[in-house]
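For reference, the structure is listed below as structure tokens.
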Amino acid sequence: MPELPEVETVRRGLNRLVKGATIASIEVRWPKIINNDVDSFKSRLIGQTIERVDRRGKYLLFRFSDGLTMISHLRMEGKYNVVPANEGQDKHTHVIFHLTDDRDLLYNDTRKFGRMTLVPTGEEVTVAGLKTIGPEPTENDLTVAYLTDIFSQSKKMIKPLLLDQSKIAGIGNIYADETLWMSKIHPMRPANSLTDDEIVVLRQSIIDEMARAIKGHGTTVHSFSTFGETGKFQNQLHVYGHEGEPCERCGSLIEKIKVAQRGTHFCPHEQQL
DNA sequence: CAGAACACCTGCCGGC
DNA sequence: TGCCGGCAGGTGTTCT
């Protein structure tokens, strides 16, 4: 469920469903998901109440009553579900938070890539990933001056740069392709070759696209739903998953290539090197 | 230090 | 049908 809009959708769902809930006990079936010592992770959380869930980039931050924060990253396939006690588990359920109100908060993850880390609130910044995370893709945080600065200092291709979480938080493979298409910029353009105008357009595309995707409850690729809410944003994608189909603006066929090991979709007519 | 390659996992799809 | 390679919305580590 991975990019920023999907994580934000999960965050809102969690706040709706488990804010104020208290942990009765915890089962960990795949210990590698927990970055802490598993016994200490469990014992410190038992009896704690979820005060709220925050987000930074693609990281969820569960704020607990006793000054603890559980950092949760879903990576490729992590999902949360809230179910009646002892229901809804399957072979991909790896962590179960039994709540005191006869419900369970389940963490499911087909590929087991997701990770959870428990830290004292305020020490999030010591965790790899959050240590170096860049600004949120919002009007206030992502300034033209900042982008101009980081782009001018890098010869790297623009697409892998957009995916670099230490430069901008929250962009993933889908929205990188979508925002480059909207900005008519080839994914392999060196970052320092972008003109001032292109930077302004790309910045606005990123900010607007993230906001639109959040409004649409994110993109659902494998027909999974989040707390009963299926993201609808996949209906608004222009290039991702549309290889071989005509570009909506010019009719040229969308191509799929590999850029820095990632599948990359673009319009060869409007996005030129 | 930047950048690339690889590691971590499972499921699904297409080709033979 | 079965096996095999390749691919998937991500990031942390290790090696140049």
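Owing to the predicted nature of the structure, the values given are computational and were not obtained by experimental measurement. Chain A is the first sequence line, chain B the second, and so forth, proteins listed ahead of strands; every chain is numbered from 1.
Residues A:K258 and A:A128 both approach DNA chain C. Their nearest nucleotides, taken by heavy-atom distance, put A:K258 toward the 5′ side.
Atom CG of A:L161 and atom P of B:dG3 are 8 Å apart (whole Å). Atom-to-atom, CG of A:L163 to C1' of B:dA4 comes out at 15 Å; the value is rounded to the nearest Å. A straight line from CG of A:L4 to P of C:dT11 spans 11 Å, rounded to a whole angstrom. A straight line from CZ of A:R75 to P of B:dC9 spans 11 Å, rounded to a whole angstrom. Straight-line distance from the CZ atom of A:R115 to the P atom of C:dG12: 10 Å, rounded to whole Å. Protein atom CD of A:Q165 is 13 Å distant from nucleotide atom C1' of C:dG12, rounded to whole Å.
The nucleotide whose nearest atom lies closest to any side-chain atom of A:K91 is, among B:dG11, B:dG3, C:dA8, B:dG11. Looking at the side chain of A:Y59, the nearest of the listed nucleotides B:dG11, C:dG12, C:dA8 is C:dG12.
Within the structure, every side-chain polar atom (N or O) of A:Q261 is placed at least 4.0 Å from both OP1 and OP2 of B:dA4. Contact between the side-chain N/O atoms of A:K156 and the OP1/OP2 oxygens of B:dA2 is not found at any separation under 4.0 Å. Taking 4.0 angstrom as the limit, A:K112 places a side-chain polar atom (N or O) nearer than this to OP1 or OP2 of B:dT10.
Going from the P atom of B:dA7 to that of C:dG5 covers 16 Å, rounded to whole Å. When the P atom is used for both C:dT14 and B:dC9, the distance is 15 Å, rounded to whole Å.
By the stacking rule of 5.5 Å between ring centres and under 30° between planes, A:F113 does not stack on the base of B:dC9.
Here the side chain of A:T22 pairs no donor or acceptor atom with the backbone of A:T100 at under 3.5 angstrom.
The partner of B:dC9 is absent, by the rule that a Watson-Crick or G-U pair needs both atom distances under 3.5 Å.
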